[in-house]
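Nothing here was measured: the structure is a model prediction, and the numbers come from that model. Reckoned from all heavy atoms, side chains included, excluding hydrogens, waters and symmetry mates.
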Amino acid sequence: MMRKLILCLMVLATFWSASSNANDEISYGIGTGALTSGLGVNAALRSENHMGYIAAGCLGIGYSNEQGWILPCGIGAGWIQTDLLTNANNHHGLGIYVGPVGMNDDKKARYGVGVTYVYFMQGVNAKGWNFGFTPATGQDNGTDKGSLLINVGYQF
């Protein structure tokens, strides 16, 4: 778990330091998908055309008589850039995500990487709703498994 946390923080720090400037602001969000590592929350540094974030969330919740509570939770990090697809506005974001992407056979979070598309209703630098998807892949017992995270959230 600690190794995964360090990897997520390193990815975020690399992107964050590359574009950090005086116009950046901190925001917080709630929702589901890659921006919140499942159903969860995020803290983001955003500006006119980008958003870097760290997130914590759960990909599911359940209870089993044999295993007790099943909570595949974890932390993730990502980067979204809105001037890759079009310069006309900052609503369409394309980025990368590292974090929980599914559940292993042992009911723990399966970590991996994904490519994120997000549409920000008011723009990446404003409060508002966002919608999108993240096709992702991660390994479970040495086998690659794909998944799709649906992003629906609100950034404050």
Value rounded to 0.5 Å, distance of CD1 in I80 from NE2 in H92: 13.5 Å
Look at the side-chain heavy atoms of Ile, Leu, Val, Met, Phe, Trp and Tyr, link any pair under 4.5 Å apart, and say whether I70 and Y111 land in one connected group. no
Is there a donor in the side chain of N125 and an acceptor in the side chain of E25, or the other way round, less than 3.5 Å apart? no
May I have the step-by-step check of side-chain contact (heavy atoms from CB on, under 4.5 Å) for T82 and H91, ending in yes or no? CA-CA 7 Å; T82 60; H91 295 269; over 6 Å; no
Would you call Q81 and N49 a side-chain contact if the rule is heavy atoms closer than 4.5 Å? yes
Does G29 offer a backbone N or O that forms a donor-acceptor pair with the side chain of N42 under 3.5 Å? yes
Give the C-alpha distance, both sets of side-chain angles, the deciding distance and a yes or no for side-chain contact (heavy atoms from CB on, under 4.5 Å) between V41 and T36. CA-CA 5 Å; V41 297; T36 53; 5.5 Å; no
Starting at OG1 of T143, measure out to CG of D105 and round the result to the nearest 0.5 Å. 9.0 Å
Could you go through the side-chain contact (heavy atoms from CB on, under 4.5 Å) check for M51 and L35 one step at a time? CA-CA 10 Å; M51 182 173 101; L35 274 67; 3.7 Å; yes
If we count only N and O atoms by modelled type, under 3.5 Å, do the side chains of Y53 and S27 hold a donor and an acceptor together? no
Considering non-hydrogen atoms only, spot the tightest contact between I75 and S37 and give its length. C-OG, 3.8 Å
Cluster overlap I61 with M103, hydrophobic side-chain contacts below 4.5 Å: no
Is there a path of hydrophobic side-chain contacts, each under 4.5 Å between heavy atoms of I, L, V, M, F, W or Y residues, that connects L39 with L71? no
Show your reasoning for whether side-chain contact (heavy atoms from CB on, under 4.5 Å) applies to V113 and I96. CA-CA 7 Å; V113 63; I96 188 165; 4.0 Å; yes
Strictly distance-based, threshold 3.5 Å: is any side-chain N or O of R46 a donor or acceptor partner for the main-chain N or O of A126? yes
